> 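Handing you this structure, nothing more for now.
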Amino acid sequence: MKRRTFIAGGIATAGLAGAAWTTGIFSPLLANGATLATNAFSERLPIPPLLEDLDNAADSARFALQVQQGSRLFFQGKKTSTYGYNGNFLGPTIRVRNGQRFRINVKNSLPQTTTLHWHGLHLPAKWDGGPRQPISSGSNWNPDFTIKQQAATLWYHPHAMGLTGEQVYNGLAGMFIIEDEVSDQLDIPKDYGKDDIPLIIQDRRFLNNGQFAYVQNRHDVMNGVIGNYLLVNGAMQPVLSVHAGLVRLRILNGSNSSIYRIAFANQQRFQVIASDGGFLERPITMDRMLLSAGERIEVVVDFSATSLGKQISLMVDQVGGNRFEALRIKIDRAAETAVKIPGHLRPLDRIPASEATVKRTFIMETMGMGGGRMGMGMMSGGLSINGKKMDINRIDERVRLGATEIWEITNRAAMMMRMPHSMHLHDVQFQILDRNGKAPQPHEQGRKDTVLIPPGESVRIISRFRDYTGVYMYHCHLLEHEDDGMMGQFEVIKA
Ligand code: C2O
Ligand code: CU
Ligand code: CU
């Protein structure tokens, strides 16, 4: 078995500025991965349309999504079979406001079961859209709840038992944006599709006949399916035209299992303004970022010093994999708005560690073939949390409603399998207390729902469990790991 080398050195603890910028350690072009010709930089970046609100009252929003099969021409003359929401690949952007009643009809027109999970939303368990809420082929699902959280860039995707990875790979994912009075008032770019751009970054691997080459063998499960083609909003190496002013990018690592390092080819700096769950207290200047599968980050880039006509490339590196020129940003017109990034964004309601009354520990473990702990690892495929694989009939943790808890999550790396994991909790936005005992970097000090746990690291997070009782998931967001059982259930119970 090939090993996916993970250069953890300093990524999480020493700051990204000092992180090793390694590429080409190991080619992810594995069994059955084809190299097909593309027309790079000929297509405009597609902007997922905003989904129409079928309700014209200000305090409520009603939507309709159809989960369907489709196809797409990623390569000339080779049609790829795909899945999409209201279309062939990916889905429209859903935009709501804090306080709104949210209703949606989800119709499953796929030939198989799916679910629709609202990644990052704080919501009643029965509308979470995890594996406990299957929508069988041909049926409808009608969530109805109130948005109770601040402005943020979230997303939605399927989450059916054992099918998440494959369905996301086929194209099921979309952005979910919450706005509120703070995002309204902040003087930041907010014209969707013009200077406020969603970027769903994913990689894919194809067969020679143009079909997606999803999991081909056990290696793909353990390593994650790592692609050799990069898609942004479903397009390969597209071009985006913007003005010579401030541009906001809402970036989602929507890949199945890749960890991305993202930077501009010209080392252009940018300001990070938001993490998974909303605005940071103040913008953080950076020149590269690290995003694990499922994470989001919002940045504002200032192109006012760029001469008109110039193109700046956004580079995306898979940790331990390929380097891609993902997107060319063409600065093709004078600045249309004269805004300056505010120095303060939103105060953070920081949860003090002393508030926690319960501590839990989670060991994410990958036992490699022939690695240390033989036997069980080989039999069970080696991916587990606290030694267990997901069982929908078992509740792993019981949390009291209203409690504040600290969860210590450790990626116990074995000799042969140094895998990163990406821990995600449903229902809550947590805060990172520390990584290996050290304070997280400034851009990781805000609200989070997904956190990278490099091999050998321990991360402590703190969270309040409020408003709703019921069963939610926690899992590795490397979707091949999740589908293989690296997932558990916590139930919030009446205090
Ligand atoms: Cu984005 Cu449980 O998932
Ligand atoms: Cu989620
Ligand atoms: Cu994992």
Side-chain angles (χ1 to χ4, degrees), residues 4 6 91 114-123 125 127-133 149 152-165 167-169 172-176 200 202 220-226 252-259 276-277 291-296 319-320 362-368 381-386 389-390 392 409-414 417-430 447-457 459 463 471-490:
R4 177 175 173 194
F6 189 81
T114 191
T115 79
L116 209 156
H117 169 59
W118 316 101
H119 180 127
L121 261 188
H122 173 49
L123 80 183
W127 301 127
D128 186 42
R132 305 177 72 89
Q133 291 90 34
Q149 84 197 75
T153 300
L154 313 178
W155 64 301
Y156 62 94
H157 63 78
H159 213 308
M161 269 297 253
L163 292 172
T164 303
Q167 293 188 350
V168 170
Y169 213 75
L172 295 181
M175 273 205 177
F176 192 103
I200 301 175
Q202 303 173 305
D220 286 346
V221 173
M222 301 297 280
N223 245 29
V225 176
I226 308 298
L252 158 66
N253 178 344
S255 75
N256 276 49
S257 282
S258 291
I259 317 292
D276 298 332
L291 221 53
S292 72
E295 283 186 299
R296 288 87 60 212
V319 169
F362 297 84
I363 308 290
M364 303 178 91
E365 209 164 5
T366 317
M367 286 164 288
L383 293 160
S384 63
I385 301 178
N386 286 345
K389 283 187 172 290
M390 169 72 176
I392 202 157
I409 307 154
T410 299
N411 178 346
R412 186 184 286 160
M417 294 297 293
R418 292 178 55 79
M419 295 298 307
H421 298 295
S422 178
M423 184 65 143
H424 169 52
L425 274 61
H426 288 203
D427 185 46
V428 296
Q429 290 291 334
F430 53 77
R447 291 157 58 87
K448 297 282 297 164
D449 55 52
T450 307
V451 57
L452 172 66
I453 323 263
E457 284 206 14
V459 176
S463 186
V471 181
Y472 300 92
M473 308 291 138
Y474 57 91
H475 58 90
C476 180
H477 218 286
L478 272 56
L479 300 181
E480 286 69 56
H481 290 183
E482 175 197 322
D483 282 339
D484 198 56
M486 205 171 214
M487 174 156 66
Q489 304 185 96
F490 68 92

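One-based numbering along the sequence shown. Since we're looking at a predicted model, the values are computed, not measured. Counting starts at 1 for both ligands and their atoms, following the listed order. Hydrogens, waters and symmetry mates play no part in the numbers below; they use all other heavy atoms, side chains included.
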> How large, to 10°, is the angle at atom 1 (Cu) of ligand 1 when you draw lines to NE2 on His157 and to NE2 on His477?
110°

> Would His424 count as a contact for atom 1 (Cu) of ligand 1, in the sense that one of its N, O or S atoms lies under 2.8 Å from it?
no

> As a test of reading the structure, name the N/O/S atom of His421 that is nearest the Cu ion (ligand 3).
ND1

> If I take every N, O or S atom of His477, is at least one of them less than 2.8 Å from the Cu ion (ligand 3)?
no

> With no hydrogens and no angle check, just 3.5 Å: does a side-chain donor-acceptor pair link His119 and Thr450?
yes

> Restricting to N, O or S atoms of His117, which is nearest to the Cu ion (ligand 2)?
NE2

> Decide whether Glu480 and Asn256 meet the rule of one side-chain donor and one side-chain acceptor closer than 3.5 Å.
yes

> Could you check whether Trp155 and His424 have their ring centres less than 6.0 Å apart?
no

> I'd like to know if the Cu ion (ligand 2) has an N/O/S atom from His119 within less than 2.8 Å of it, counting both backbone and side-chain atoms.
no

> Do you know which N/O/S atom name in His119 is closest to atom 1 (Cu) of ligand 1?
ND1

> Without hydrogens or angle criteria, can the side chains of Arg447 and Gln149 be said to hold a donor-acceptor pair below 3.5 Å?
no

> Any donor-acceptor pair under 3.5 Å linking the side chain of Asp427 with the backbone of His122?
no

